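Given the structure is predicted, the values throughout are model-derived calculations rather than measurements.
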There are 2 protein chains.
Amino acid sequence: MTTRRDAVHDTLRQSEGFRSAQDVYAEMRLHGAKIGLTTVYRALQALADGGQVDVLRTDDGESVYRACATDTHHHHLVCRRCGRTVEVAGPAVERWAEAVGSEHGFTEITHTVEVFGTCASCSPARVG
Amino acid sequence: MTTRRDAVHDTLRQSEGFRSAQDVYAEMRLHGAKIGLTTVYRALQALADGGQVDVLRTDDGESVYRACATDTHHHHLVCRRCGRTVEVAGPAVERWAEAVGSEHGFTEITHTVEVFGTCASCSPARVG
DNA sequence: GCCAAAATGAAAATGGTTGTCAAAATCCTC
DNA sequence: GAGGATTTTGACAACCATTTTCATTTTGGC
């Protein structure tokens with residue numbers, strides 16, 4: 001058996017960064033794995049559910065997964081002109097979110113943070 | 001009617017938080033506006049493109065828009081079960097966003113923060 | 001008024017993700 | 001080890017937000 005989940009997890013481990021479910025599926029097929037798309041999705045979800053992989057959404061709304069290597073949670077700084085994205089860490093925000101949540105009796109707190117700005121390359125350029 | 005874009009922008013201004021394109025569309029129709037879903041999408045994109053509205057993705061991968069408020073800036077703490085919303089201020093976050101932005105050479109920094117959690121009334125203990 | 005460019009919108013297409021459900025694999029019980 | 005319950009799997013359809021298409025309408029200039 002070796003549940004397909006392990007295979008999926010394995011494939012993800014072999015990848016450097018984040019991969020979409022479709023990517024993982026395609027790669028597994030390339031390697032000759034006999035697996036269905038549905039199963040890949042389910043495996044990924046289960047893995048994410050169990051905390052074995054990290055999930056995040058791309059700007060396209062696509063979910064991408066990464067084998068849990070660095071559990072460093074981070075956010076994105078996005079240039080509103082060129083769309084360039086920089087990954088940023090924000091321990092202060094994490095703490096703030098937690099604090100604000102429990103302060104109001106909320107539990108299982110998660111948060112979404114998006115920082116928009118105009119990057120250096122676009123800033124000096126004339127606007128409009 | 002000059003451009004439907006103004007109508008869309010207007011509708012968005014009347015909303016407190018983030019609204020999905022579909023929401024905006026539904027609301028406009030309720031108000032009797034004669035507009036198509038396609039146009040709402042296009043207007044929202046143009047608005048976002050011009051920096052008149054902020055965009056972000058929900059956990060569902062749905063795009064939500066908010067008119068650029070220059071008023072009192074605050075964030076929302078949303079219960080993922082009952083949808084209850086609490087407005088919260090986060091000076092620490094504001095500073096963090098600014099710092100992180102300029103640290104990477106970004107200017108005109110804005111940010112969106114949404115905190116999700118389970119409120120006291122919907123505590124996990126009751127989940128069955 | 002007329003023509004050209006832009007805007008509009010209804011419907012169809014797109015595409016990632018989820019649901020369905022029957023078949024196959026696995027586990028448990030005897 | 002056999003038999004049946006349970007879980008997993010996967011092909012395919014269903015979903016649904018978003019995008020594209022394309023013909024029609026509106027806007028603007030002359």
Side-chain angles (χ1 to χ4, degrees), chain A residues 1-12 15 17-50 52-66 76 78 80 83 85 110 112 114 128, chain B residues 1-12 15 17-50 52-67 78 80 83 112 114 116:
Chain A
M1 72 172 226
T2 313
T3 44
R4 302 286 187 280
R5 259 154 225 200
D6 292 333
V8 170
H9 196 182
D10 235 40
T11 301
L12 211 53
S15 305
F18 284 87
R19 308 293 300 274
S20 71
Q22 310 264 352
D23 273 350
V24 172
Y25 170 67
E27 179 143 341
M28 292 184 78
R29 302 288 293 201
L30 280 182
H31 283 253
K34 196 76 177 62
I35 192 171
L37 219 198
T38 309
T39 306
V40 172
Y41 271 103
R42 273 192 293 238
L44 249 17
Q45 283 166 355
L47 250 19
D49 213 47
Q52 274 113 73
V53 305
D54 286 334
V55 202
L56 66 81
R57 293 259 181 183
T58 66
D59 273 357
D60 298 338
E62 201 178 1
S63 292
V64 287
Y65 307 79
R66 176 189 62 175
H76 293 108
V78 187
R80 62 161 58 84
T85 300
T110 64
T112 302
E114 298 281 321
Chain B
M1 69 286 276
T2 36
T3 25
R4 300 282 195 282
R5 259 155 226 202
D6 292 333
V8 171
H9 196 182
D10 235 40
T11 301
L12 212 52
S15 305
F18 284 87
R19 307 294 300 273
S20 71
Q22 310 264 353
D23 272 350
V24 172
Y25 170 67
E27 179 142 340
M28 291 185 78
R29 301 288 293 201
L30 280 182
H31 283 252
K34 195 77 179 61
I35 191 172
L37 182 62
T38 309
T39 306
V40 172
Y41 271 103
R42 272 190 293 236
L44 249 17
Q45 283 166 355
L47 250 18
D49 212 48
Q52 273 112 73
V53 305
D54 286 333
V55 203
L56 66 82
R57 294 261 181 184
T58 65
D59 275 355
D60 298 338
E62 200 177 1
S63 291
V64 286
Y65 307 80
R66 176 190 63 175
V78 187
R80 64 161 61 83
T112 59
E114 295 285 314
F116 300 95

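- Two residues are said to be in side-chain contact when any heavy atoms from C-beta on lie closer than 4.5 Å; B:Arg5 and B:Val8 fail this criterion.
- Nearest heavy-atom pair across B:Val55 and B:Ala48 is CG2-CB, 3.3 Å.
- Contacts between residues 25-36 of chain B and DNA chain C, counted as heavy-atom distances below 4.0 Å, involve B:Lys34, B:Ile35, B:Gly36.
- Within the 4.5 Å cutoff, no side-chain heavy atoms of B:Thr11 are placed close to those of B:Val40.
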Listing, residues 25-36 of chain A side-chain donor-acceptor contacts under 3.5 Å, not counting sequence neighbours, or none:
{"residue": "A:Glu27", "atom": "OE1", "partner": "A:Arg19", "partner atom": "NH1", "Å": "3.3"}
{"residue": "A:Glu27", "atom": "OE1", "partner": "A:Arg19", "partner atom": "NH2", "Å": "3.0"}
{"residue": "A:Arg29", "atom": "NH1", "partner": "A:Ile35", "partner atom": "O", "Å": "2.7"}

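- As rounded to whole Å, 16 Å separates atom C1' of D:dT18 from atom CG of B:Asp49.
- Defined by atom type and a distance below 3.5 Å, a donor-acceptor pair is present between the side-chain atoms of B:Gln22 and B:Tyr41.
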Polar atoms only, N or O, under 3.5 Å: list the protein pairs with nucleotides 15-19 of chain C and their distances.
{"residue": "C:dT17", "atom": "OP1", "partner": "A:Ser63", "partner atom": "N", "Å": "2.6"}
{"residue": "C:dT17", "atom": "OP2", "partner": "A:Tyr41", "partner atom": "OH", "Å": "2.6"}
{"residue": "C:dT17", "atom": "O5'", "partner": "A:Tyr41", "partner atom": "OH", "Å": "3.4"}
{"residue": "C:dT18", "atom": "OP1", "partner": "A:Gln45", "partner atom": "NE2", "Å": "3.2"}
{"residue": "C:dT18", "atom": "OP2", "partner": "A:Gln45", "partner atom": "NE2", "Å": "2.3"}
{"residue": "C:dG19", "atom": "O6", "partner": "A:Thr38", "partner atom": "OG1", "Å": "3.2"}

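- Side-chain contact between B:Leu47 and B:Tyr65: absent, with no pair of heavy atoms (C-beta onward) separated by less than 4.5 Å.
- Between B:Leu12 and B:Arg66 there is no side-chain heavy-atom pair separated by less than 4.5 Å.
- Atom CG in B:Asp23 sits about 15 Å away from atom P in D:dC16, given to the nearest Å.
- Computed from coordinates, the A:Leu47 CG to D:dT8 C1' distance equals 15 Å when rounded to whole Å.
- Protein atom CZ of B:Arg5 is 13 Å distant from nucleotide atom C1' of C:dG9, rounded to whole Å.
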